[in-house]
Amino acid sequence: MRPRLPACASALVLAATSCVLLTAQPAAAEDPVFPGPEISTLLPAGSFTDLAVDDAHQQAFIALKEPSALVVAGLDGSIRRTVTGLNNPSDLTVSPDGSTLYVIEERAKTLALVDTRTYTVSRVALPADHCPVAGTFTGGKLWYSYRFCAQAYDPATGTSGGTPFRSEPGEIRALPDRPDRLFQMGETSTGGLFHVYDVSGETPVEVAGGGKGRPFCDDAALIGGGEQVVVAGCSIEDGHLVYNTADLTEAARIPYHDIATALAVSADGRFLADVGDGYSHPYGSRVHIAEIAEGSPGTPVREYGYEFYTEVVPEGVSFTAGGDLLAVTEDWAADRRLSLHVFQRATRFDSSITLNVPGGVDFRGTVAATGTLNKGPGPTTLTLSRKDRTGTHDMGTVPVAADGTFAFSHTPGLTGPVTYTLAYAGDDAHQAATLSRTVFMRPLPFDVNADGYAETVVGAPGENLGDDTDTGQLHVLPGTASGTTGSGSKAYHQDTAGVPGDNEDGDGFASTTASGDFNGDGYADVAVSAPKENLGSTRDAGEVFVFYGSASGLRTNGVSGLYPTTSNSKDMLFGYALAVGDFDGDGRDDLAAAGPGRYSGELWVYPGSSSGLSRTRSSHFVQGENGMPGEAHSYDLFGYALAAGDVNGDTRDELAIGEVYDWEDKDWSTGSVTVMYGTAKGLSVEGAQRLSKETPGVPGGAASFNEDKGDVSDQFGNSVALADFSGDGRADLAVAAAGAPVTVDGVRKADAGTVTILYSNGSRIATTGAVQLTQSTGGIPGGPGANDFFGATITAGDANNDGRAELVVYSPGDDLVTIIPGATGGLNFAGSRFVTQETPGIPGGTESEDGWGYSLRFADVKGSGFLALLVGADGENSGRGTVTVLPGTASGPSGSGARLFDQDSPGVPGSAENGDHFGSFF
């Protein structure tokens, strides 16, 4: 069942025979809005004319005509009362003490006085020639405009009159800090439209005006105490015009998004609300709020949007003293239905937090987080808490710099999801904000019970169970502080309760295994292949079984089966090669599974999720299709070998795919490797690299071979590894070509084997600095010999815990396992050494056909950070098979203290039998 090197185009198949309503309405997606909390209330039918806020009684008044009414609403959006009996109410003014609402009854020659507590109505008759339009209260009097004049009503005497002054019909505003001043804005294009009057004496005197205005301005609002006034709707090019009321000189221009029809300024003069007309904007009416404090004119704070045909009616917007914003909208598509909207805390900046954390971190690692408090004050502080499987924990405060940036780091020291929550309390000018992000603390690979020790997981794919031959069995040997032990070992097969399917002849269950945390729960899961599983009547389609970890080890409930989804999967051998990586960077591991046996070979990738590997979101890749590099040929064996690692340091893993019989370069089999890069959506064909010995910069070249003499092709890509050999935080690529010849002193050594090292340049696998290793490379033990197949299997891992991975290479022809240490700048060939079963401390002895090294894997079985080297010898003792565990040390894998396990070892289930091939894991 071991993955012997194929010797011809059909060899994989042959070999497998013997082996195996409280938010704003959303706008269209093209024009996103960023609303704050909003309350919306339908108003009675009518035609809107004006809106006034009574902060003293926490209420608002909405004037309607047709039918005439006054709607009283609470600042929470509730309707308190509807006052009827009014006559064309057109303009509303609340007295400074909040006791009286003055209602201009247009064309009625009367003022209506409404008690703001009892809502009783009284009236004042005006002179017969007065037809009031707009009003404002200042200097103890209510000033109102009519025709081309303005006069005053004195509530102390109950009389109206005084000396009229010239005034175009339109807005009239009092200056809060100047009770002796009035600002007036007309609506026609004749003469100067803006005027400021001194009304302290018997006769109003114009102190500024004449030619200072613009025609057709729609609304005006005073800023702060009235030193400045902002006007809207005058000109698209001008934006909002700001004038000094002392002399009507232009002070500033504030840009706006739409043709504005109404304005409001907050009580403190810091914020401006403007209203788009709902027609110039393609997606409907808008309410924009911007900061207009000195130094930041027009800085956007927030925006509210409405669907097309809904507009904020003119003058239908007003701030409360507490900073809420009220607006009245009219829906033309629904019989001009009116609504009142209360935008809560509208004058606070809509603060938000961004937090950058990795999706997943090894459980011993540190979570390094950076972020920004957006639209918040700085410097300030955020509170930080975390939630993990031990509960919720207060982590104190995180300082925020003046520019809003912050950073923190934390080492959880456990596995599973860790959710960090940052909170900003807010203040008078800034909204409160919270944000949570989850980091998945990954367990050690194969640590299925998350106790900090990796299990030794091996297959016996030739195991006979009952009457079934070569059905296969999985063995899990526990890790402990002293290393791997047989005590407490467990075995699984397809007749184990909960495992899908049944034991059948030749399934080869557990030929290949791979581990990752697919559901992010902190327990390592194990994918187990049965590449010769029949699917119904489809022969040798293959299936992968996913066992999920738990506190008690691998669970048999919830085991899922994955299988090829192509219409013809006969001889697919799905699962022959497996690799685990976080290809989308979400913190949960994903599984790549190849079926190299059908035609040229195919690849599937299953993303991790909270419920485990997802079939519905799986991706399918075929060479030469949908942008995948290369060309498909029969028996290319695309996917014969797989390896995952992060080449560019973006926390998303890449996938290397070996294709040992690729014909593209020479029209005869040479082999290649495709590197696919991870993205937020998973592995992508965009930017994928195809590499071979014919790629410029790759050392060597594809060699011819003579199959009639038993010579095999180079098989570039028969085994691949992605690991950081130089310690720069980027994975490098090692590619074996075990069938490549090596020439020594002019003598060609057929099938001696090579391994090519291609280093990451920080963003991609590069050919610059690439090295081809042979057993004649300085420092590499042994010497090239015919049929050595140097590179039949390779693996990589940081055995000595120095941050640089070691490369391990098996050459079956001379029974050597070569260990090449990582070093700054790349692999250190001079420090290479080899181990065999003759190495002191390593149990057993070298025998023909042992295959000691056909399966290689690093695992932290002691939980020490020093990785043990697992060496499978599935041919040991007439195919009974063994696995040897070489402890990891500061000097790398060591023979001292090595342990050998087989099915006769104490605690290991079953018994050693010829052809079991225990120790297979590829």
Side-chain angles (χ1 to χ4, degrees), residues 50-53 91 93 134 136 138 145 168 170-178 181-187 192-197 207-209 211-277 280 286-304 312-321 323 325-327 343 346-347:
D50 200 13
L51 167 69
V53 173
D91 194 78
T93 301
T136 190
T138 190
S145 62
E168 293 86 356
E171 303 297 339
I172 183 169
R173 299 283 188 266
L175 278 60
D177 291 348
R178 293 293 302 272
R181 291 288 190 268
L182 277 180
F183 170 81
Q184 183 275 327
M185 181 183 76
E187 295 181 341
L193 296 181
F194 302 156
H195 304 272
V196 177
Y197 293 92
V207 295
K212 296 295 185 183
R214 298 289 191 275
F216 309 117
C217 298
D218 290 318
D219 198 9
L222 293 166
I223 299 175
E227 294 84 1
Q228 293 180 326
V229 62
V230 56
V231 294
C234 303
S235 166
I236 297 176
E237 292 79 13
D238 289 341
H240 301 309
L241 301 173
V242 180
Y243 293 96
N244 299 310
T245 54
D247 55 10
L248 288 181
T249 56
E250 186 177 313
R253 298 189 182 192
I254 301 172
Y256 55 77
H257 301 80
D258 311 324
I259 299 176
T261 58
L263 294 175
V265 175
S266 61
D268 58 7
R270 293 182 57 232
F271 297 93
L272 170 71
D274 67 37
V275 176
D277 63 5
S280 64
R286 292 291 186 272
V287 177
H288 305 281
I289 299 179
E291 186 181 28
I292 56 173
E294 186 176 356
S296 58
T299 302
V301 175
R302 62 178 69 241
E303 177 183 289
Y304 305 87
V312 180
V313 294
E315 300 183 29
V317 61
S318 182
F319 280 104
T320 70
L325 181 70
L326 276 61
F343 306 118
T347 58

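Both backbone and side-chain heavy atoms feed into the values below; hydrogens, waters and symmetry mates do not. Starting from 1, each residue takes its place in the sequence as its number.
Although no hydrogens or angles enter the test, the distance criterion places a donor-acceptor pair under 3.5 Å between the side chain of Asp247 and the main chain of Thr249. Panel note: side chain Arg173, backbone Ala220; a donor-acceptor pair is recorded below 3.5 Å.
Among the candidates Leu241, Asp274, Leu263, the single residue satisfying the side chain to side chain contact (heavy atoms under 4.5 Å, CB included) test with Val230 is Leu263. Of the candidates Asn244, Leu222, Val265, Val229 forms a side chain to side chain contact (heavy atoms under 4.5 Å, CB included) with just one, namely Leu222.
When all heavy atoms are compared, the tightest approach of Leu325 to Ser318 is CD1-O, 3.5 Å. Considering all non-hydrogen atoms of both residues, Phe271 and Phe319 come closest at O-CE1, 3.9 Å. Heavy atoms only, all atoms of each residue included: Val317 and Ala273 are closest at CG2-CB, 4.3 Å.
Taking CG of Leu248 as the reference point, atom CZ of Phe194 lies at 8.0 Å (rounded to 0.5 Å). Distance CZ/Arg178 to OG1/Thr138: 10.0 Å, rounded to 0.5 Å. Note that CG of Asp50 is 7.5 Å distant from OG1 of Thr93, once rounded to the nearest 0.5 Å. Here the CD atom belonging to Gln228 is positioned 8.0 Å from the CD1 atom belonging to Ile292, to the nearest 0.5 angstrom. How far CD1 of Ile172 is from OH of Tyr197: 9.0 Å, rounded to the nearest 0.5 Å. Between Leu272 atom CG and His288 atom NE2 the span is 10.5 Å, to the nearest 0.5 Å.
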Practice task
Assess whether side chain to side chain contact (heavy atoms under 4.5 Å, CB included) is satisfied between Thr347 and Arg270, documenting all intermediate values.
Solution key: CA-CA 8 Å; Thr347 58; Arg270 293 182 57 232; over 6 Å; no
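Between Phe343 and Ile289 there is no side-chain heavy-atom pair separated by less than 4.5 Å.
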